[in-house]
Amino acid sequence: MSRSTKLQEQFLIGNWKMNPDSPKEAKKILNGIKKEASKSRKTTVVICPPFPFIDTLRSGYSGKKIRFGAQDVFWEREGSFTGEVSTKQLSFLGTEFVIVGHSERRALGENEDVVRRKLEAVLEAGLRPVLCIGEHERNESGVHLEFIQNQLISAFSGLSEKALLGTLIAYEPIWAIGKSAQRAITPHDLHEMVLYIRKVLISLVSEKRAYEVPLLYGGSVEPMNSRELASVPELNGFLVGHASLVPGSFTQILESLER
Ligand code: PGA
């Protein structure tokens, strides 16, 4: 049975974070997922390794299905910014996607203004940003909804509707990141949030454009919960952390999206 999404394309994005230690281990993970990824029919598989491994992995990959992404980028085009990486440099490596505003980067000091600048730089470079949003906690009064709305409004402020084409949004509640399937969100709560995010998007851009923005979920997606979460209407995929480092788990999550 096909899932009731207006948007047919789905995404499975692996965020490897600061793992693994060596290029050899990185290649092993990629090798472990490429066969299953090559069979995917409706899911775009993206892996976001640490910067030092992007080139080795991409140039050594002869398949077509897996795309590559970065976990961060700097907003300036070039210049004296020690330690930073530009969108152009990423483009030369064949990187197509860039995670922007991950909560672990926000925890290191990235504020809403930085997130907005990065989003703009990524879009200007013709790359696809994966904008991460998500609340720290929830309570009865529903403050998390306002939190999410504010994150979206400030990330998109000053950007044209046209510029937003290509943006993906990953809803990643911080309380669910890096835990286990038991601590992830329930399908019911996720559905509610997907509808809410769509509503906020409709207030910011046209309804048509709002429905073109893929909405992903991230936060302890594992084989144990991926099937029920994948059945949430109008959800367009997952951003996966720890389970993306385990090929067997990542490919099972892919199967859940392919059903
Ligand atoms: P997790 O991480 O799957 O390990 O919870 C998700 C993320 O931080 O992107």
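Quick note: residue numbers are just sequence positions, from 1. Whatever order the structure lists them in is the order used to number ligands and atoms, beginning at 1.
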| query | When you measure from atom 4 (O) of ligand 1 to every protein heavy atom, which one gives the shortest distance, and what is it? | reply | His242 ND1, 2.5 Å
| said: With a 4.0 Å cut-off on heavy atoms, is Ala243 in contact with ligand 1? | reply: no
| request: Could you list the residues that satisfy salt bridge (charged side-chain N to carboxylate O under 4.0 Å, His left out) with Glu84, not counting sequence neighbours? | output: none
| query | Name the one of Arg117, Arg116, Lys118 that satisfies side chain to side chain donor-acceptor pair (under 3.5 Å) with Glu120? | reply | Arg116
| query | Tell me, which protein residue and heavy-atom name are nearest atom 9 (O) of ligand 1, and how many Å apart are they? | reply | Glu172 OE2, 2.7 Å
| task | Say whether Ile177, considering both its backbone and side-chain N or O atoms, lies within less than 3.5 Å of an N or O atom on ligand 1. | result | no
| task | Answer with side chain, backbone, both or neither: which part of Asn15 has a heavy atom less than 4.0 angstrom from an atom of ligand 1? | result | side chain
| field | For Gly178, atoms of ligand 1 separated by under 4.0 Å from a heavy atom | value | 1 (P), 4 (O), 5 (O)
| request: Measure the acute angle between the ring planes of Phe147 and His136, then classify it against the limits of 30° and 60° as parallel, tilted or perpendicular. | output: perpendicular
| request: Report yes if Lys179 has an N/O atom closer than 3.5 Å to an N/O atom of ligand 1; otherwise report no. | output: no
| request: Describe, in one word, how the ring planes of Tyr217 and Tyr171 are oriented to each other, choosing from parallel (under 30°), tilted (30 to 60°) and perpendicular (over 60°). | output: tilted
| note | So the atoms of ligand 1 within less than 4.0 Å of a heavy atom of Gly219 turn out to be 5 (O)
| said: To check your reading of the model: name the closest protein heavy atom to atom 3 (O) of ligand 1, its residue, and the distance in Å. | reply: Gly241 N, 2.8 Å
For residues 46-54, which side-chain donor-acceptor pairs fall under 3.5 Å, sequence neighbours excluded?
none

